[in-house]
Asker: 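I am attaching a structure below and will ask some questions about it afterwards.
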Amino acid sequence: MSFPLLTATAAVPAVGAILTAAVPAARRTTAKWLALVVSLATLVLAGIVFARFEPGGDRYQLVESHSWIRDFGVRYELGVDGIGVALIALTALLIPFIVLAGWHDADPLETQSKRWRPTQGFFALILMVEAMVILSFEATDVFLFYILFEAMLIPMYFLIGGFGDRAHSGSDENAAAQRSYAAVKFLLYNLVGGLIMLAAVIGLYTVAGNFSLTEIAEARANGSLEMAASTEKWLFLGFFFAFAVKAPLWPLHTWLPNAMGEATAPVAVLITAVVDKVGTFAMLRYCLGLFPEASKWATPAIVVLALISIVYGALVAVGQRDMKRLVAYASISHFGFIILGIFAMTSQGQSGATLYMVNHGISTAALMLVAGFLISRRGSRLMGDYGGVQKVAPVLAGTFLVGGLATLSLPGLAPFVSEFLVLVGTFARYPVAGIVATTGIVLAALYVLVLYQRTMTGPVKEEVRSMPDLRPRELAVVAPLIAVLLFLGVFPKPLTDVVNPAVQHTMSDVQRTDPQPEVPVQNVEAAK
């Protein structure tokens, strides 16, 4: 038997989470270093997966398949396509920086000695989320994916509710209440979506007789799977609703600003840059792969919802005073772009959407983590409490600016490539939608530049006059992320080579081809 590389990539952080949680309470630093080493080991394994994947090979590679629940046809079945490989690489890349950025976020608080903050638990939960997310990108059994889709909510609930942001304007009791509210809202929204998806999973099994994604796809291709159009539409809606909550898509988005606002900055990155990508990834793999006709039927409505997300998220971000909520609403706008690219049903749109998932994760991590470093210094999330930071902490201000410029998709930085492809792919099939979506670019420039102006420029406020610049640990977090943004901004080929063949498979699933440009035929003789 060949080495189970995909299982190992998820098992290392899972085992690491158990070992980290088992470290004695008095040895918090040991738990931190153990979590960092485990996350780096996972990154190495993810790099091996990326290197061994052959873009021109089979659709699903490094396949592992074992019987699990034989009576119900459930299998432990793993395999990766180009989209899954890219997102596994993103997840494994970000977790070490999340661990480093949150190095002191779970330390005991001197002013709140009554609150128990188990440092080991904080890092163990992060590693457990990493394991579940990676395995969800690898799963090709629908039931296995569903279990992971739901199970990752539990550690996220404790990360949001148990390890909230220390920068809170109210009392300790009010802060705890806000964290609890955000955690419960996150859990309830996603559980409702998951329960609806469970009904759809059961319905799919009733129709198909198994949970294997590859077997169901083969049965559809050879005509041996009969599914009534109405049945396919209902099943599609069950899956899509759960993924739209996770993504999140307007109007199912309201849990995200609360969760990101009350969580620590590293956990906020974990939510929007890692966990939420499971929703958009699943739209490509399951909605389009299992229900192609229903996907085409629902496309007009989904395109409209994506456009509302783009414009609404950006407009609300412009009016925010809280830095973390601003990034949250900006992410809602960006997820609108991703979903628009997926359902534009063009190769440029879907390639752009996949790249957007990766690039949004990196750019949001850069911006949010620097914002977290800034907030930890001043103790406030409100932009009005800052001013003139660039004069006392120029490196912090400079990295904050680069993260912001990446968020608004400045040419030369990675998100520009993905946003451009999404807009080109959308305009080719839906010109009006492409034009409306461009308003998101203008609004993004507005909220990012206002954010930078209110916090970094102007007179130096007395409260920030003694603010220190980025420390070596913080530079070790931010500098590599900015380097990746620059590299992928000028040379995205390593990702596009992996992603494009998988996108072509998805286009084949829905039986779509790219629209041909309408070029008027000119009479050469007449022109002469």
Asker: Go through Phe97 and Val269 one step at a time and tell me if the side chain to side chain contact (heavy atoms under 4.5 Å, CB included) criterion holds.
Answerer: CA-CA 10 Å; Phe97 300 121; Val269 171; over 6 Å; no
Asker: Within a strict 4.5 Å, meaning less than it, do heavy atoms of the Met345 and Leu288 side chains meet?
Answerer: yes
Asker: Is there a side-chain contact between Glu419 and Tyr356 in this structure, where contact means two heavy atoms from C-beta onward sitting under 4.5 Å apart?
Answerer: yes
Asker: Heavy atoms only: give me the nearest Leu94-Ile362 pair and the separation to one decimal.
Answerer: CD2-CA, 4.5 Å
Asker: So, Lys246 side chain and Phe149 main chain: donor-acceptor pair closer than 3.5 Å or not?
Answerer: yes
Asker: Give me the atom names and distance for the closest heavy-atom approach of Leu307 to Ala433.
Answerer: CD2-O, 3.4 Å
Asker: Would you say the side-chain atoms of Ser295 pair up with the backbone N or O of Cys287, donor to acceptor, closer than 3.5 Å?
Answerer: yes
Asker: Throw together a table of side-chain donor-acceptor distances under 3.5 angstrom for residues 399-408, partners on residues two or more places apart or in other chains.
Answerer:
from	atom 1	to	atom 2	distance (Å)
Thr399	OG1	Val395	O	3.1
Thr399	OG1	Leu396	O	2.9
Thr407	OG1	Gly403	O	2.9

Asker: Identify, with sequence neighbours excluded, every residue that meets ring-ring contact (aromatic ring centres under 6.0 Å, His included) alongside Phe158.
Answerer: none
Asker: What's the shortest heavy-atom distance between Ala92 and Ala46, and which atoms?
Answerer: CB-CB, 3.5 Å
Asker: So, Arg429 side chain and Thr346 main chain: donor-acceptor pair closer than 3.5 Å or not?
Answerer: no
Asker: Would you say that Met156 contacts Leu270 through its side chain, given a criterion of any heavy-atom pair below 4.5 Å between the two side chains?
Answerer: yes
Asker: Could you tell me whether a side-chain N or O of Ser309 sits under 3.5 Å from a main-chain N or O of Trp250, the two making a donor and an acceptor?
Answerer: yes
Asker: Under a 3.5 Å distance rule, please check whether Arg381 uses its side chain to pair with a backbone N or O of Gly261 as donor and acceptor.
Answerer: yes
Asker: Going through the distances and angles, do Thr496 and Val417 end up as a side chain to side chain contact (heavy atoms under 4.5 Å, CB included)?
Answerer: CA-CA 10 Å; Thr496 56; Val417 179; 5.7 Å; no
Asker: Output, in order, the C-alpha distance, side-chain angles, deciding distance and verdict of side chain to side chain contact (heavy atoms under 4.5 Å, CB included) for Arg325 and Met260.
Answerer: CA-CA 7 Å; Arg325 291 179 70 89; Met260 290 185 65; over 6 Å; no
Asker: Atom CG in Leu135, atom CZ in Phe145: separation rounded to 0.5 Å?
Answerer: 10.5 Å
Asker: If you define the side chain from C-beta out and look only at heavy atoms, does anything of Ile83 sit under 4.5 Å from Arg285?
Answerer: no
Asker: Please check: side-chain N/O of Arg378 versus main-chain N/O of Met467, any donor-acceptor pairing under 3.5 Å?
Answerer: no
Asker: As an exercise, state the distance from CD1 of Ile134 to CG of Leu148, rounded to the nearest 0.5 Å.
Answerer: 11.5 Å
Asker: Taking Arg377 for its side chain and Phe373 for its backbone only, find out whether a donor-acceptor pair lies under 3.5 Å.
Answerer: yes
Asker: Can you give me the closest heavy-atom contact between Phe123 and Val99, atom names plus distance?
Answerer: CE2-O, 3.6 Å
Asker: Could you tell me the separation between the CG atom of Leu40 and the CD1 atom of Ile95, rounded to the nearest 0.5 Å?
Answerer: 11.5 Å
Asker: List the atom of Ile339, the atom of Ala247, and the distance in Å for their closest heavy-atom pair.
Answerer: CD1-CB, 4.1 Å
Asker: Is the number of heavy atoms from other residues, nucleotides or ligands within 6.0 Å of CZ (Arg27) greater than 12?
Answerer: no
Asker: Return the orientation label for the Phe239 and Tyr286 ring planes: parallel under 30°, perpendicular over 60°, tilted otherwise.
Answerer: parallel
Asker: Is the shortest side-chain heavy-atom distance between Leu486 and Ile482 below 4.5 Å?
Answerer: yes
Asker: How would you list all residue pairs meeting ring-ring contact (aromatic ring centres under 6.0 Å, His included) that involve residues 465-493, not counting sequence neighbours?
Answerer: Phe487-Phe491
Asker: For atom CZ of Phe427, is the number of surrounding heavy atoms from other residues, nucleotides or ligands below 6.0 Å larger than 12?
Answerer: no
Asker: How long is the gap from CD1 on Ile126 to OG on Ser39, to the nearest 0.5 Å?
Answerer: 9.5 Å
Asker: Quick one: does Thr426's side chain have a donor or acceptor within less than 3.5 Å of a partner on Leu423's backbone?
Answerer: no
Asker: Are Phe337 and His360 an aromatic pair by the rule of ring centers under 6.0 Å?
Answerer: no
Asker: Looking at NE2 of His253 and OH of Tyr189, how far apart are the two atoms once the value is rounded to the nearest 0.5 Å?
Answerer: 8.0 Å
Asker: Can you tell me if Lys277 uses its side chain to pair, donor with acceptor, with the backbone of Thr91 under 3.5 Å?
Answerer: no
Asker: Any donor and acceptor pair, going by atom type alone, linking the side chain of Thr439 with main-chain N or O of Val436 inside 3.5 Å?
Answerer: yes
Asker: Give the minimum heavy-atom separation between Phe243 and Gly279, together with the two atoms involved.
Answerer: CB-O, 3.5 Å
Asker: Any side-chain donor-acceptor pair under 3.5 Å between Thr272 and Thr364?
Answerer: no
Asker: Is the closest side-chain heavy-atom distance between Thr354 and Phe281 below 4.5 Å?
Answerer: no
Asker: Apply side chain to side chain contact (heavy atoms under 4.5 Å, CB included) to the pair Leu451 and Met456, showing each step before the final yes or no.
Answerer: CA-CA 8 Å; Leu451 169 64; Met456 301 295 165; over 6 Å; no
Asker: If you measure only the distance, is there a donor-acceptor pair under 3.5 Å linking the side chains of Tyr452 and Gln390?
Answerer: yes
Asker: In terms of side-chain geometry, is the basic nitrogen of Glu262 or Lys185 positioned less than 4.0 Å from the acidic oxygen of its partner?
Answerer: no
Asker: Going from OG1 on Thr455 to NZ on Lys461, what distance comes out if it is rounded to the nearest 0.5 angstrom?
Answerer: 11.0 Å
Asker: Could you tell me whether the side chain of Trp255 reaches within less than 4.5 Å of the side chain of Val245, counting heavy atoms only?
Answerer: yes
Asker: Do Val267 and Asp105 have side chains that get closer than 4.5 Å, going by heavy atoms?
Answerer: no
